[in-house]
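Worksheet for the structure shown next.
On a predicted model such as this, the values are computed, not experimentally measured, just so you know. In this chain, numbering begins with 1 at the start of the sequence shown.
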Amino acid sequence: MPTCDHCGSHVSERFARVFTDGEGRLLACPNCSANAGIAEVARQRTRTA
């Protein structure tokens, strides 16, 4: 089962397929970011990583 690379929470295969970046990283999930802003949080974390 896929996990969030930021907090380690499990996510569904479907969620990972949609929100994983081009390098296979999942930098945000519903457990560590607001549902409405998952893509934005992931972009911000990519810039700071």
Only one of Ile38, Val41, Thr20, Thr46 clears side-chain contact (heavy atoms from CB on, under 4.5 Å) with Leu27; which?
-> Thr46
Close side-chain approach of [X] and [Y], heavy atoms under 4.5 Å:
X: Ser33; Y: Gln44; result: no
X: Glu13; Y: Pro2; result: yes
X: Val11; Y: Leu26; result: yes
X: Phe19; Y: Cys29; result: no
X: Asp21; Y: Arg43; result: no

May I have the step-by-step check of side chain to side chain contact (heavy atoms under 4.5 Å, CB included) for Cys4 and Cys32, ending in yes or no?
-> CA-CA 9 Å; Cys4 175; Cys32 67; 3.8 Å; yes
Ala28 and Ala42: which non-hydrogen atoms are nearest, and at how many Å?
-> CB-N, 4.1 Å
Considering all heavy atoms, the nearest Cys7-Asn31 contact = SG-CB, 4.4 Å
